[in-house]
Amino acid sequence: MEIVLKDRIKEAVKIIYNSEVNDDLIQIQETKKDFKGDFTLVVFPLLRFSKNTPEKTGETIGQYLKDNFNAVSGFNVIKGFLNIELSDAWWLEYFRKLTVEETHLEKCQVSNPETILVEYSSPNTNKPLHLGHIRNNLLGYSLYRILSGCGHRVVKTNIVNDRGIHICKSMVAWQKFGNGETPESSGMKGDHLVGKYYVLFEKNYKIQIEKLINEGMDEAEAKNSAPLMKETREMLLKWEAGDKEVFGLWKLMNSWVYAGFDETYKKLGVDFDKIYYESDTYKIGKDIVLSALNKKILYRNEDSSIWADLTQDGLDQKLLLRSDGTAVYMTQDLGTAVDRHNEYKFDKNIYVVGNEQNYHFQVLKALLKRMGYKWAEGLIHFSYGMVELPEGRMKSREGTIVDADDLIKEMQLTAREVSLELGKLSDFSDEEKEDIFRKIGMSALKYYILKVDPKKNMTFNPAESIDFNGNTGPFIQYTYTRIKSVFRKAKQMGINTEQVLFSGTKTGPKEIELIKLLCKFSETVSAAATGYTPALIANYCYELSREYNQFYHDFSILGEADEGVRNFRLVLSRVTSEIINEGMWLLGIEMPERM
RNA sequence: GGACCUGUAGCUUAAUUGGAUAGAGCAUCUGGCUACGGACCAGAAGGUUGGGGGUUCGAGUCCCUUCAGGUUCACCA
């Protein structure tokens, strides 16, 4: 609609003021709630053509639109703002088209679909997942749904950081202190078990460092020469050399971790099309680095470590291979990117990675470009903010890490508590109930995270449980189940809802308000896709639910005597439920039929 | 020290990318069930958008400055 209006206004300016105007001078926005009208033209930019006051210019254009465009039923000018009113008939016609859509994503389809890789999750195999990973996973998965919903070919990838010095730490600790403990013998989830040894390593390592410092060593040297660290470095060397025993242990412990991760992923409702392992890609990275060295793009230090000089790009020197020849993080990422492009020839490769790695991705892109990979332009760092606690970052040292599995469990327990208290599910089996509790709990958690602008840091307060009322996932689910309930009731009353057709004649302002919002769905999804912002959809779903609840409260649907009005309200309700459902689907949030 | 990011009601957060009187939720207070589902609805109160300058018809949004917090610049990942 905005585009149509824009063209009409351009036409108006041309005829009235005999001037061609640029599109960006015609600023159309939705009219604020406090004013009468549907769309608003900001007239200030047009004054240079009208050479008149804002009021007069607005009047003139408004009158022209009213006279020449039958969708425009009226207008008013307040200060420099021309509020354009569209006729109910126009809105109804627009809505009628929604009622016959197969899916409400039809209008979101892009004209030039791209191949897009979305990399998300990217766990380390030395620790279980925590709240930060939850945000990552939910954002990544939702991004996948949104982009593919708009017609792109999206590949969900995960790069598992399964090698490196930190992985060796938990291996060393397990060897020394583990006494052969396994997930089976301990009853612990595999990722948590391995995490336990990582923590154990850090604890003992710290003790060794302190001891050395007390013996007169300076801190840097102590960190370097603590026996545990020495053993770990030796293990990494052995690993890269393919030592059989080390490799066996590595495989075993990683298999425990993967079993644990799979459980958590399943609970979160996320999955992947292709999983990469850095234990594979680091080698490709090494080759790339060595060949770039031959081309003199990189240089070798006297201690034989290999570096890139990025000072011309405003960045620093960057180490790419250690003096002992082993790979670093950046080496792997170079390999992964090249490997992926060979396999998929992607247009875009989106990395869902926290904003603490902004610099890393700047360097990665600059390096690839320097090495001559043109497609590096398509690397996009989807940089999201950290999840913080009221007192700041989560710190493992202080034991303030919010564990993913614990939080998920807690959400579902709370959902059960709330539901049982309300007692609306007495005719369901225990299994069905548990499934509903799960959906409610997860929606509370997922919505809580996804409603926030991804770029911003967000705060999670463990002391306050995540809400189930107000601007929340369960509120939206509740609205949806209410509508479902209306239709169940309608069926009982013998109304054939399948055949209820749209016959929009008598509508009030509240219905029109709802219709306006429903019409905004597709543009909201498109905006979320181009701006990589699932939060827009989350907030839209909330706004729609709120609007519907007001309507529901103020008007009777099935109790309405006039059959035409009743049917219209039924159709309105149906489309609302469909759009809520699709919107939440794009966020990866499941909807129950009852709750 | 260099680079980058953030700062909005007591708390959690919106704001159509420079537009009108900064919008919600939670918490607090008040009202609404003879029900199509009260996980709801209506109302009250709560703001110098960290402070100060500037740019212009117009600034939470852009520029400068200052304060506070954070991230990063590792032979960690």
Side-chain angles (χ1 to χ4, degrees), chain A residues 2 27-35 40 42 44-45 47 54 78-81 83 122 124 126 161 163-167 224 233 278 301 303 305 307 314-324 326 328-330 332-333 354-360 362-363 383 385-386 388 390 392-393 415 418-419 421-422 424 440 444 448 451-453 455-461 464 466-472 474-475 477-479 481-490 493 520 523-524 527 531 535-536 539 542-543 546 549-550 552-560 569-570 573 594-595:
Chain A
E2 289 180 55
Q27 295 176 24
I28 307 238
Q29 56 196 268
E30 273 170 57
T31 303
K32 297 241 170 194
K33 275 250 158 88
D34 323 322
F35 301 94
T40 295
V42 184
F44 292 108
L47 299 184
I78 295 166
K79 295 198 242 170
F81 298 90
N83 299 319
S122 327
N124 292 347
N126 62 343
N161 186 233
R163 49 141 263 128
I165 196 101
H166 57 299
I167 308 296
N224 234 333
R233 270 201 308 269
E278 291 191 347
N301 218 344
D303 63 1
S305 56
W307 296 74
L315 305 164
D316 294 312
Q317 314 281 330
K318 182 71 198 176
L319 174 89
L320 293 176
L321 281 180
R322 294 191 184 97
S323 51
D324 63 5
T326 55
V328 293
Y329 181 46
M330 185 60 77
Q332 314 176 148
D333 260 9
N355 61 12
E356 57 191 352
Q357 292 191 33
N358 285 352
Y359 181 78
H360 174 79
Q362 245 180 300
V363 172
S383 165
M386 302 284 98
E388 290 174 340
R393 282 193 94 152
V418 174
S419 291
E421 199 173 312
L422 291 167
K424 295 177 186 171
I440 297 170
Y448 176 83
K451 74 172 175 176
V452 180
D453 184 344
K455 288 194 292 289
K456 292 190 175 176
N457 288 359
M458 61 180 289
T459 312
F460 172 80
N461 189 346
E464 300 167 8
I466 293 175
D467 265 311
F468 284 66
N469 299 320
N471 186 357
T472 66
F475 171 82
Q477 289 180 322
Y478 175 72
T479 311
T481 55
R482 254 184 161 178
I483 297 174
K484 288 287 159 186
S485 173
V486 171
F487 277 84
R488 276 194 300 274
K489 182 86 178 205
M493 289 167 64
K520 253 174 77 175
E523 60 187 85
T524 303
L536 290 179
N539 287 309
Y542 170 66
E543 205 187 337
R546 205 162 51 105
N549 274 325
Q550 286 170 6
Y552 179 93
H553 181 264
D554 293 346
F555 299 93
S556 182
I557 299 167
L558 297 175
E560 171 59 44
R569 289 177 183 166
L570 275 169
S573 300
R594 286 183 55 181
M595 63 190 277

### Message
Please encode protein proximity along nucleotides 38-47 of chain B as a string of B, S and -, counting only heavy-atom distances under 4.0 Å.
### Response
SBSSS-----
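Of all heavy-atom pairs spanning Pro45(A) and Gln27(A), the tightest one is CG-NE2, 3.8 Å.
Taking 90° from 0 as the syn/anti boundary, the base of U17(B) is oriented syn.
For Arg322(A), a side-chain nitrogen or oxygen approaches OP1 or OP2 of C76(B) to under 4.0 Å. When the side-chain nitrogen and oxygen atoms of Arg233(A) are compared with OP1 and OP2 of C76(B), none of them lie within a distance under 4.0 Å. In terms of phosphate contacts, Lys79(A) brings a side-chain nitrogen or oxygen within less than 4.0 Å of OP1 or OP2 of U21(B).
Heavy atoms of Glu523(A) sit nowhere under 4.0 angstrom from any nucleic acid atom. Across all strands shown, Asn301(A) has no heavy atoms under 4.0 Å from either base or sugar-phosphate atoms.
Among the nucleotides U16(B), C11(B), U13(B), the one closest to the side chain of Thr459(A) is U13(B). Listed nucleotides: G37(B), A77(B), C57(B). Nearest to the side chain of Arg594(A): G37(B).
Side chains of Asn549(A) and Thr479(A): a donor on one and an acceptor on the other come within 3.5 Å.
By the criterion of a centre-to-centre distance under 5.5 Å and near-parallel planes under 30°, the ring of Tyr359(A) forms no stack with the base of A3(B).
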